[in-house]
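Structure record follows, encoded as structure tokens.
Numbers restart at 1 for each chain; the letters A, B, ... are given by sequence-line order, proteins then strands.
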2 protein chains.
Amino acid sequence: MEFHGGGSAGIVVSGNNVPAFLTNLWTLVEDPDTDPLICWSPNGNSFHVFDQGRFSKEVLPKYFKHNNMASFVRQLNMYGFRKVVHIEQGGLVKPEKDDTEFQHPYFIRGQEHLLENIKRKVTNVSNVKHEELKMSSDDVSKILTNVQHIKGKQETIDSKIIAMKHENEALWREVASLRQKHAQQQKVVNKLIQFLVTLVQSNRVLGMKRKIPLMLGDSSSAHSMPKYSRQYSLERLQASLQASPAISVSLPLPTTVAG
Amino acid sequence: MEFHGGGSAGIVVSGNNVPAFLTNLWTLVEDPDTDPLICWSPNGNSFHVFDQGRFSKEVLPKYFKHNNMASFVRQLNMYGFRKVVHIEQGGLVKPEKDDTEFQHPYFIRGQEHLLENIKRKVTNVSNVKHEELKMSSDDVSKILTNVQHIKGKQETIDSKIIAMKHENEALWREVASLRQKHAQQQKVVNKLIQFLVTLVQSNRVLGMKRKIPLMLGDSSSAHSMPKYSRQYSLERLQASLQASPAISVSLPLPTTVAG
DNA sequence: GGAACGAACGTTCTAGAACCAGAG
DNA sequence: CTCTGGTTCTAGAACGTTCGTTCC
């Protein structure tokens, strides 16, 4: 901590991030030899440049690699300096006075350590920013087109969903109807069987001992129901019919779809 | 057609769209009195400015409302003039030569009528362009967010569609199964009736004249099938069973949904 | 005639962009 | 080589000025 930046002369060590332009500018403004062309303003908050022609030709080359006032001003702006605009006082000020004043909040006479706070404006990696902006303005329409396309797909899908929903509802109704019919059929079958049993019992009571064949295998349905194509006893038939499983297929609950 | 723009002096009438800057510049370059500070290049395709300090202080105020070289250059650029860059020939050219050269394809010595083709670059009505660009870059994120949102909805809808598709397939399978069971049941019923008919005919053949009651109305199913709770003749039963309608509910075709 | 308005041009200050140069 | 700062030319942006048009 030997160099704590207190002095205005000597080497600045700690955080020597100050670019050459700022140190050169500071030296330039401080130098008494150049005061006729560039010097601090009386209050030390800004500096003046007199006679840009002489300044650019005589002073700038000593501190920079050019002799153009425009380049000097460009650098000042790059570092955040602003030109101090003077109000024209009519004819009170002689119009030939070539006086330009620049100012920066951290460029103060006697406060050289503040130079560290002056930052060069970052060039937005021209390619990136420009291309991004160009892409933005150029591709906004593309994005919107894509969004429109997606919306169209959404609508198509919506109609498909509605169709499927209706189909689903019809299917559920069909399933319910079929189940009901199946139950009714089953009851009819049961009653038929019960009637048959009663009939057979009545025949037995009447002394009929003759065995009655079950002629379930006629020619019209032999090919479609081969397992019933043989002759069965009445008891076997009854057992076979009642053993038919109840309709209970596992089904998901009806899906709810927003219309 | 008295004034056909051929002369280099006098009033230009037809299409006097040439801004003051261009006519002033032309006069300035043509004027022999200012040749030491501004003049045509030897081939007449460009002009030179020597000693910017003297030029800006002595010449510019005579033709414009300022004495700043920067403003003059800005106007040149606004009208499409380009600076002609000179290749530095090492020490062969004296470095102190203050020589600036500008060129425009329609600023040619002796071709004053071409000035009409020099157009000032339009200022993009700063507000509009800037706001549009800002809107673009600001709203791109919004659009992208919306797109993401839509994508999320798409995925949700996709899963719903898949669920509905599976449900639909299960329903179709169920319907097919139920129809098959119904058909089988119907065949069974038909065969039972056929058997009954055969049985009754056998009984008749055997001389049994006693009328056999149809006891289809037992206590266990009387409440669920009231229309069968009375006694029917065998013929009536058969007709009733065969009159049960075939399962033919109008259903849409299975919906095809992309997975 | 003249007041109000708008469009194009003019002036000024600042920033963009391309290119260069030197340090790490 | 890459990265940061420097130099140069051009453009952006804000504001002023001029001039023609319109409406009273």
Side-chain angles (χ1 to χ4, degrees), chain A residues 16-25 28 46 49 52 56 60-61 63-88 95 98-104 115 118-134, chain B residues 15-25 28 46 49 52 56 60-61 63-88 95 98-104 115-116 118-134:
Chain A
N16 187 10
N17 302 324
V18 182
F21 174 76
L22 291 177
T23 58
N24 284 331
L25 176 64
L28 191 52
S46 63
V49 172
Q52 296 183 24
S56 59
L60 285 180
Y63 294 86
F64 306 104
K65 301 185 184 66
H66 63 87
N67 60 351
N68 305 311
M69 185 67 185
S71 296
F72 180 63
V73 173
R74 183 72 193 94
Q75 281 285 69
L76 287 172
N77 284 318
M78 286 283 288
Y79 282 95
F81 285 77
R82 312 299 300 260
K83 184 167 183 171
V84 180
V85 182
H86 302 113
I87 36 181
E88 301 292 335
D98 190 349
D99 181 3
T100 311
E101 183 178 0
F102 282 94
Q103 164 272 336
H104 189 288
L115 292 184
I118 303 180
K119 298 301 175 189
R120 191 178 201 261
K121 294 180 182 176
V122 286
T123 164
N124 286 326
V125 187
S126 60
N127 287 335
V128 178
K129 183 180 180 184
H130 186 268
E131 290 305 319
E132 277 183 357
L133 283 179
K134 248 183 68 180
Chain B
N16 188 9
N17 302 323
V18 183
F21 174 76
L22 291 176
T23 56
N24 284 332
L25 177 65
L28 188 54
S46 62
V49 172
Q52 296 184 22
S56 59
L60 285 181
Y63 295 85
F64 306 102
K65 301 184 184 67
H66 62 87
N67 62 349
N68 306 311
M69 184 68 185
S71 296
F72 180 64
V73 173
R74 184 73 192 93
Q75 281 284 69
L76 288 172
N77 284 320
M78 286 283 287
Y79 282 95
F81 284 77
R82 310 301 298 261
K83 184 167 183 172
V84 179
V85 182
H86 301 112
I87 36 179
E88 300 292 335
D98 191 349
D99 181 3
T100 312
E101 184 177 1
F102 282 94
Q103 164 272 336
H104 189 287
L115 292 184
E116 297 181 13
I118 303 181
K119 298 301 175 189
R120 192 181 199 262
K121 295 180 181 176
V122 286
T123 164
N124 288 323
V125 187
S126 59
N127 288 335
V128 178
K129 183 179 180 184
H130 186 268
E131 291 305 319
E132 277 184 358
L133 282 179
K134 247 182 71 180

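Of the candidate nucleotides D:dT7, D:dA11, C:dT11, D:dT7 has the atom lying nearest to any side-chain atom of A:K65. In this structure, the nucleotide among D:dT8, C:dG10, D:dA11 sitting nearest to the side chain of B:N77 is D:dA11. Comparing D:dT7, C:dC13, D:dC9 against the side chain of B:V85 picks out D:dC9 as the nearest.
For D:dG6, one of the phosphate oxygens OP1 or OP2 lies less than 4.0 angstrom from a side-chain nitrogen or oxygen of A:Y79. Residue A:N68 places no side-chain N or O under 4.0 Å from the OP1 or OP2 atom of D:dT7. When the side-chain nitrogen and oxygen atoms of A:R120 are compared with OP1 and OP2 of D:dG6, one or more of them lie within a distance under 4.0 Å. Listed pair A:R82 / C:dT14 meets the phosphate criterion, a side-chain N or O lying under 4.0 Å from OP1 or OP2. A close approach under 4.0 Å does occur between a side-chain nitrogen or oxygen of A:K121 and OP1 or OP2 of C:dA15. Put simply, B:H66 has no side-chain N or O that comes within less than 4.0 Å of OP1 or OP2 on C:dG10.
The residue among A:F21 and B:K83 whose nearest nucleotide of DNA chain D lies closer to the 5′ end is A:F21.
Of the inter-residue distances, the one linking A:N67 atom CG with B:D98 atom CG reads 7.5 Å to the nearest 0.5 angstrom. Here the straight-line distance linking atom NZ of A:K119 with atom CG of A:N17 works out to 5.5 Å at 0.5 Å rounding.
Among the heavy atoms of the strands lying under 4.0 Å from A:A20 are primed sugar atoms or P, OP1, OP2 only; no base atom is included.
In this structure, the CZ atom of B:F81 is 17 Å from the C1' atom of D:dA11, given to the nearest Å. Computed from coordinates, the B:M69 CE to C:dT12 C1' distance equals 16 Å when rounded to whole Å. Nucleotide C:dT12 holds its P atom 12 Å from the CZ atom of B:F64, rounded to whole Å. B:R74 has its CZ atom 11 Å from the P atom of D:dA13, to the nearest Å. With rounding to whole Å, B:Y63 atom OH is found 15 Å from C:dT11 atom P. The distance between atom CG of B:L60 and atom P of C:dT12, rounded to the nearest whole Å, is 10 Å. Atom P of nucleotide D:dG12 and atom CE of B:M78 are separated by 9 Å, given to the nearest angstrom. The interatomic distance linking A:F72 (CZ) with D:dT7 (P) rounds to 11 Å, in whole Å.
A donor-acceptor pair is defined here as one N or O able to donate and one able to accept, closer than 3.5 Å; no such pair exists between the side chain of A:H66 and the backbone of A:S71.
Partner of A:Q75 under the side chain to side chain contact (heavy atoms under 4.5 Å, CB included) criterion, out of A:F21, A:F64, A:F81: A:F21 alone.
Minimum interatomic distance between A:S56 and A:M69 (heavy atoms only, all atoms of both residues): CB-N, 3.9 Å.
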